[in-house]
Number of protein chains: 2
Amino acid sequence: MSESSAAVRNTRQRSAVSALLGEMEGFHSAQDLHAMLRQRGERVGLTTVYRTLQGLADAGEIDVMRPPGGEHLYRRCSEGHHHHLVCRACGRTVEVAGPAVESWADRVAAQHGYADVSHTLEIFGTCPACVR
Amino acid sequence: MSESSAAVRNTRQRSAVSALLGEMEGFHSAQDLHAMLRQRGERVGLTTVYRTLQGLADAGEIDVMRPPGGEHLYRRCSEGHHHHLVCRACGRTVEVAGPAVESWADRVAAQHGYADVSHTLEIFGTCPACVR
DNA sequence: CGTGGCAACGATAATGATTGTCAAAAACGC
DNA sequence: GCGTTTTTGACAATCATTATCGTTGCCACG
């Protein structure tokens with residue numbers, strides 16, 4: 001039990017989940033992803049999918065969204081901090097960056113003496129295709 | 001059967017929930033509120049608490065927050081649209097208004113052709129008292 | 001004041017996503 | 001290769017929320 005704590009091992013399952021996320025567009029639930037892996041013939045347990053997704057989320061490699069409705073949705077996103085504009089009807093998602101919002105949030109929090117600030121922001125709407 | 005569709009009836013339970021929310025500070029889960037009503041001797045079913053809270057939320061009279069962790073939290077808030085700055089440690093909450101954010105969200109959504117726009121924003125941090 | 005329709009209530013069961021458990025399997029360092 | 005340690009994965013447990021459905025109480029009208 002040295003202090004090396006390498007910890008993260010490279011397993012087939014982890015690669016499979018990561019690879020799948022790399023190909024997917026849009027958000028998908030853990031159970032969705034699990035079903036897709038199964039269809040591909042990958043042998044992965046649901047528990048492992050959840051664990052892997054949590055790990056990736058902690059590492060900042062994927063984004064998590066909690067839409068009203070209960071399921072957590074995961075997506076591989078561009079690296080930096082950003083937010084999402086999601087269509088209520090079809091789920092089409094656009095990544096949006098809002099530096100002004102970031103700084104506003106930090107400023108507001110600082111004014112109230114809050115430290116170690118983070119925030120979540122989701123925008124919902126109906127996309128052009130679904131409006132008609 | 002006129003077109004009035006009054007619909008909303010004035011019941012003891014609805015008043016109790018609304019009154020309780022009026023006295024409470026901060027956010028509370030549906031189950032919390034239900035337990036409190038029970039302690040007071042009010043005879044209210046858990047189902048009704050959920051229904052009432054949803055109704056109030058739809059009517060815009062209370063705010064709903066979905067913190068990471070699963071429970072929905074409800075709170076009576078000031079009327080207009082606003083957001084919350086929440087302490088991770090003690091839960092202390094500050095209401096913040098950000099007109100700039102609202103217009104930014106609308107603008108971004110409009111740029112992408114999205115209609116009927118809404119958004120959710122929560123800011124998390126550690127409040128001054130908990131920093132020490 | 002009495003009555004009937006209809007929405008609200010509420011106990012219980014159902015749902016369904018997520019998390020915990022723990023023995024067995026696989027991966028990494030040597 | 002070998003041992004150790006992490007990881008896996010099937011299953012059960014948890015737990016908030018939602019659906020169900022017979023009963024109750026509100027409200028309006030006669």
Side-chain angles (χ1 to χ4, degrees), chain A residues 1-21 27-59 61-75 91, chain B residues 1-21 27-59 61-75 91:
Chain A
M1 59 179 79
S2 61
E3 75 286 1
S4 62
S5 74
V8 182
R9 287 188 185 181
N10 217 2
T11 66
R12 170 175 48 82
Q13 293 87 343
R14 199 178 295 267
S15 307
V17 173
S18 193
L20 180 60
L21 279 169
F27 283 89
H28 296 275
S29 70
Q31 319 227 8
D32 256 5
L33 294 168
H34 177 240
M36 294 178 198
L37 288 171
R38 277 288 166 97
Q39 278 187 358
R40 288 188 171 200
E42 297 280 355
R43 199 82 60 74
V44 185
L46 178 58
T47 308
T48 303
V49 174
Y50 273 104
R51 261 193 303 241
T52 305
L53 288 173
Q54 278 187 5
L56 291 172
D58 284 347
E61 296 189 28
I62 61 175
D63 250 22
V64 190
M65 188 173 52
R66 316 169 89 287
E71 281 176 296
H72 294 191
L73 300 181
Y74 303 88
R75 183 192 189 190
Chain B
M1 60 183 77
S2 61
E3 75 284 2
S4 63
S5 72
V8 181
R9 289 191 183 177
N10 217 2
T11 65
R12 170 176 49 83
Q13 292 88 344
R14 199 179 295 268
S15 306
V17 172
S18 193
L20 180 59
L21 279 170
F27 284 90
H28 296 274
S29 69
Q31 320 228 6
D32 256 4
L33 295 168
H34 176 240
M36 294 178 197
L37 287 171
R38 278 287 166 97
Q39 278 188 0
R40 289 187 169 201
E42 297 281 354
R43 198 83 58 75
V44 185
L46 178 57
T47 308
T48 302
V49 174
Y50 273 105
R51 260 194 302 243
T52 305
L53 289 172
Q54 278 185 4
L56 290 172
D58 284 347
E61 296 190 28
I62 61 174
D63 251 21
V64 189
M65 188 173 54
R66 316 170 89 283
E71 280 177 298
H72 294 192
L73 300 181
Y74 303 87
R75 183 191 188 189

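Since we're looking at a predicted model, the values are computed, not measured. First the proteins, then the strands, lettered A, B, ... as listed; each starts at 1.
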**Q.** Sugar-phosphate only, base, or nothing, as touched by A:Thr48 at under 4.0 Å among non-hydrogen atoms
**A.** base

Q) Rounded to the Å, how far apart are A:His34 NE2 and D:dC11 C1'? A) 13 Å

Q) In whole angstrom, what separates A:Arg38's CZ from D:dG9's C1'? A) 9 Å

Q: Starting from the 5' end of DNA chain C, give me the residue, B:Gly45 or A:Tyr74, whose nearest nucleotide shows up first.
A: B:Gly45

Q: Could you state the atom-to-atom distance from CZ of A:Arg66 to P of D:dA16 in whole Å?
A: 14 Å

Q. For A:Tyr50 and D:dA13, what is the distance between atoms OH and C1' respectively, to the nearest whole Å?
A. 15 Å

Q: At under 4.0 Å between heavy atoms, which parts of nucleotides 20-25 of chain C does protein reach? Answer with one letter per nucleotide, 5' to 3': B base, S sugar-phosphate only, - none.
A: B-----

Q) Which heavy-atom pair separates B:Ser29 from B:Leu73 by the least distance, and what is that distance? A) N-CD2, 3.6 Å

Q.
Without decimals, in angstroms, what is the distance between B:Gln54 CD and C:dC9 P?
A. 13 Å

Q. Can a side chain N or O of B:Thr11 be found less than 4.0 Å away from OP1 or OP2 on C:dC9?
A. yes

Q: Map B:Arg12 and A:Val44 onto DNA chain D by nearest heavy atom, then report which one ends up closer to the 5' terminus.
A: A:Val44

Q. Checking A:Thr52 side chain against A:Thr48 main chain: does a donor-acceptor pair fall under 3.5 Å?
A. yes

Q) With a 4.5 Å limit on heavy-atom distance, are the side chains of B:Leu53 and B:Leu21 in contact? A) yes

Under 3.5 Å donor-acceptor pairs involving side-chain atoms of residues 31-38 of chain A, not counting sequence neighbours:
| unit_1 | atom_1 | unit_2 | atom_2 | d |
| --- | --- | --- | --- | --- |
| A:Gln31 | NE2 | A:Tyr50 | OH | 3.1 |
| A:His34 | NE2 | A:Val44 | O | 3.1 |
| A:His34 | NE2 | A:Leu46 | N | 3.4 |
| A:Arg38 | NE | A:Val44 | O | 3.4 |
| A:Arg38 | NH2 | A:Val44 | O | 3.3 |

Q: Would you mind reading off the distance between B:Gln13 atom CD and C:dG10 atom C1', rounded to a whole angstrom?
A: 9 Å

(Q) Please evaluate residues A:Leu20 and A:Arg40 with respect to the criterion side chain to side chain contact (heavy atoms under 4.5 Å, CB included), reporting the C-alpha separation (whole Å), side-chain torsions for both, the decisive distance (0.1 Å), and the verdict. (A) CA-CA 10 Å; A:Leu20 180 60; A:Arg40 288 188 171 200; 3.6 Å; yes

Q) Between C:dT18 atom P and A:His72 atom NE2, what is the distance in whole Å? A) 5 Å

Q.
Does A:Gln31 reach a base, just sugar-phosphate, or nothing at all? Heavy atoms under 4.0 Å.
A. base

Q: Nearest 0.5 Å please: distance from the NE2 atom of A:His72 over to the CE atom of A:Met65.
A: 11.0 Å

Q: Working to the nearest 0.5 Å, report the span between OH of B:Tyr74 and CD of B:Glu61.
A: 14.5 Å

Q: Measure the distance from CZ on B:Arg43 to C1' on D:dT24 and round it to the nearest whole Å.
A: 13 Å

